[in-house]
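Encoded as structure tokens, the structure appears first; notes follow it.
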Amino acid sequence: MLQINFIKENKEEIIRLLAIKNFKAAELIEEVILLDDQRKGTQKILDDQLAESNKLAKQIGVLYKSGEAEKANEYKQKTAELKQSSKKLADDLALTSKTLTDKILEIPNVPHPSVPAGKSDADNELIYEEGEIPALIDDAKPHWDLAKKYDIIDFDLGSKVTGAGFPFYKNQGARLQRALINFFLDEAIAAGYSEYQPPLFVNEDSAYGTGQLPDKEGQMYHIGEDNFYLIPTAEVPITNIYRKVILKEEDFPIKNVAYSNCFRREAGSYGKDVRGLNRLHQFDKVEIVQVQHPEKSYETLESMKDYVASLLRKLELPFRIVRLCGGDLSFTSALTYDFEVFSAAQKRWLEVSSVSNFENFQANRLKLRFKDKDGKTHLAHTLNGSALALPRIVAALLENNQNAEGISIPSALRNYTGFDLIS
RNA sequence: GGAGAAUUGGCAGAGUGGUCGAAUGCGGCGGUCUUGAAAACCGUUGAGGGUCACACCUCCGGGGGUUCGAAUCCCUCAUUCUCCGCCA
């Protein structure tokens with residue numbers, strides 16, 4: 001969420017930039033400013049009344065001790081009245097504050113000036129492309145057929161045991177999964193990240209902290225009895241490590257990596273895009289998360305982008321990087337780079353990673369702050385990126401590397417898989 | 001799952017109805033001393049709201065209550081520890 005003072009001080013600029021996200025903010029912002037003034041006004045009156053009550057309560061104590069019970073009772077009468085009206089004021093204040101917070105929560109993060117205008121992914125800006133799109137053999141198959149042919153992923157079995165979008169990985173398919181997870185983790189550790197193994201369920205506060213609540217409830221699996229949410233990404237538990245934390249400046253940069261299962265209900269998805277591994281309810285992902293000083297967060301975003309590119313290069317996959325346009329940018333992000341690999345048999349670019357700078361938007365919700373040299377506290381910046389999500393990487397590897405003998409494994413992975421060929 | 005104990009500032013730990021946002025120690029920061037450092041000594045050191053700045057208000061695990069007044073009493077939830085049960 002944006003900070004109220006930031007909104008007040010940069011009203012016009014915010015409205016202008018949010019227009020790039022196709023968000024009409026003017027009215028909402030006026031409302032928010034009005035509510036905040038209202039909040040302050042009510043609080044001032046309440047504070048004065050509480051101050052008066054506090055003073056009287058102290059005097060009553062003194063009066064009792066000196067035996068002036070009559071006077072004390074008179075004061076008691078006064079505090080009783082004050083108590084009634086301050087109770088009402090406190091209720092008003094709570095309501096105003098709640099309304100204010102709810103309204104601010106409706107305002108998306110302000111996009112970075114480099115974010116191009118646009119409505120959909122068609123308007124994303126291509127900024128980089130690398131690798132050769134492979135020429136496939138004559139009877140090249142999409143990955144769901146290859147999965148069956150080599151008996152490495154069983155979608156039907158998953159449907160039987162759980163439901164659509166929960167596949168079984170088998171034999172060389174299962175080993176490929178493990179290989180990719182270990183490869184991604186080892187690479188991240190070599191790049192200076194600390195590995196975490198997070199819980200796969202989080203509580204309500206954590207789901208709120210990274211912005212999944214109050215808005216995207218429908219996207220998460222929820223365990224009603226214990227009020228836990230299944231994580232849609234390791235970003236949620238890893239970033240929430242720093243909820244209500246005040247860091248020291250020398251703690252920066254914090255670089256964490258975590259492998260986790262990810263669970264997404266994907267309500268509303270349908271059609272050809274969801275075939276095979278393209279969209280699952282449960283999948284595996286290695287996520288990198290950084291917490292940075294505000295002055296360095298964009299530098300960090302670039303380094304994370306370069307890091308993800310290095311992974312795809314090692315996997316020998318043709319990829320491109322796009323800068324998301326305003327319309328495609330998520331609610332919480334200020335700037336996002338998407339990585340897409342070309343899946344040759346489907347003849348499609350598949351999104352495999354999203355690297356984002358949230359600036360202080362998440363930090364504000366999380367109350368993630370740091371103390372500067374003068375002892376003042378400021379909000380930190382948070383960033384994250386997939387490095388990488390497995391299913392579409394697997395889809396591309398299977399499709400792009402298929403040949404007459406089987407599916408060849410890129411050399412960077414062979415030490416991890418223990419085999420060169422899926423056959 | 002059952003029984004008991006606990007939860008206070010960065011940490012340790014006092015505080016059982018008013019003078020407590022909270023003793024004391026450690027740690028941190030600033031200073032004196034020193035060629036420099038250590039030691040010693042002096043000072044300072046939680047967060048949020050509010051204000052030009054003060055004043056003032058809120059916060060002692062979360063929420064609710066009793067009282068003129070709550071860190072302190074009551075209810076409730078969470079967490080931690082110990083014992084019993086079960087168990088990878």
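Naming: A, B, ... by sequence-line order, numbering from 1 per chain.
Rounded to whole Å, the separation between the P atoms of B/G65 and B/C26 comes to 42 Å. Here the separation of B/U16 from B/C86, taken at their C1' atoms, is 39 Å to the nearest Å. B/A71 and B/G15 have their C1' atoms separated by 8 Å, with the value rounded to a whole Å. Atom name P, nucleotides B/G17 and B/C87: the rounded distance is 48 Å, in whole Å. The same atom, C1', is picked in B/G61 and in B/U72; the two are 16 Å apart, to the nearest Å. B/G10 and B/G4 have their P atoms separated by 33 Å, with the value rounded to a whole Å. Rounded to a whole angstrom, the distance from the C1' atom of B/C81 to that of B/C74 is 25 Å. B/A53 sits 15 Å from B/G48 when the P atoms are compared, rounded to a whole Å.
In summary, of the residues considered (A/Q402, A/K149, A/Q172, A/E405), a side chain to side chain contact (heavy atoms under 4.5 Å, CB included) with A/I422 occurs for A/Q172 alone.
Using the six-membered ring where Trp is involved, A/F370 and A/H293 have ring planes that are tilted, between 30° and 60° apart. A perpendicular orientation is assigned to the rings of A/Y221 and A/H281, their planes being inclined by more than 60° (bins at 30° and 60°). Ring orientation note: the planes of A/F228 and A/F201 are tilted relative to one another, at an angle of 30° to 60°. Between A/H112 and A/Y298, the ring-plane angle classifies as tilted under the 30° and 60° cut-offs.
For B/A71, there is no paired nucleotide, since no Watson-Crick or G-U wobble pair has both relevant distances below 3.5 Å. Look at B/G21: it lacks any Watson-Crick or wobble partner with both distances under 3.5 angstrom. Across all strands shown, B/C54 forms no Watson-Crick or G-U wobble pair with both distances under 3.5 Å. Base pairing annotation: B/U44 forms a Watson-Crick or G-U wobble pair with B/G28, both donor-acceptor distances under 3.5 Å. Judged by Watson-Crick or G-U wobble contacts below 3.5 Å, the nucleotide B/A3 has B/U82 as its partner. The partner of B/C33 cannot be assigned: no Watson-Crick or G-U wobble pair with both contacts below 3.5 Å exists in any strand.
A distance-only check finds no donor-acceptor pair linking the side chain of A/S333 to the backbone of A/L329 [under 3.5 Å]. Counting only distance, with no hydrogens or angles, the side chain of A/Y169 and the backbone of A/R175 share no donor-acceptor pair below 3.5 Å.
Between A/I246 atom CD1 and B/G28 atom P there is a gap of 19 Å when expressed in whole angstrom units. In this structure, the NE2 atom of A/H378 is 11 Å from the P atom of B/G48, given to the nearest Å. Atom-to-atom, NZ of A/K78 to C1' of B/U67 comes out at 19 Å; the value is rounded to the nearest Å. The interatomic distance linking A/K244 (NZ) with B/G9 (C1') rounds to 16 Å, in whole Å. The CG atom of A/N73 sits 9 Å away from the C1' atom of B/C68 (whole-angstrom rounding). Regarding A/L89, its CG atom lies at a distance of 14 Å from the P atom of B/U58, rounded to whole Å. Straight-line distance from the CZ atom of A/R369 to the C1' atom of B/G48: 8 Å, rounded to whole Å. The nearest whole Å value for the distance from the CD atom in A/E52 to the P atom in B/U58 is 13 Å.
Comparing B/G48, B/G46, B/U58 by their nearest atom to the side chain of A/L50 picks out B/U58.
A/I409 and A/L421 make their closest contact through CG1-N, 4.1 Å (heavy atoms, listed as atom of the first residue, atom of the second, distance).
Between A/N54 and A/K371, the residue whose closest nucleotide on RNA chain B is further toward the 5' end is A/K371. Map A/S53 and A/A57 each onto its nearest nucleotide of RNA chain B; the residue landing nearer the 5' end is A/A57.
Between A/K371 and A/E249, none of the side-chain N atoms (NZ, or NE/NH1/NH2) sits under 4.0 Å from a carboxylate O, so this pair counts as no salt bridge.
Near-neighbour residues of RNA chain B inside residues 91-99 of chain A, defined by a heavy atom below 4.0 Å, are absent.
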Atom pairs under 3.5 Å: protein N/O with N/O of nucleotides 50-52 of chain B:
unit_1, atom_1, unit_2, atom_2, d
B/G50, OP1, A/R39, NH2, 3.0

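In the displayed structure, A/E302 atom CD is contacted under 6.0 Å by more than 12 heavy atoms of other residues, nucleotides or ligands.
Residue A/T79 places none of its side-chain N or O atoms closer than 4.0 Å to OP1 or OP2 of B/U67.
To the nearest 0.5 angstrom, A/T233 atom OG1 is 11.5 Å from A/N261 atom CG.
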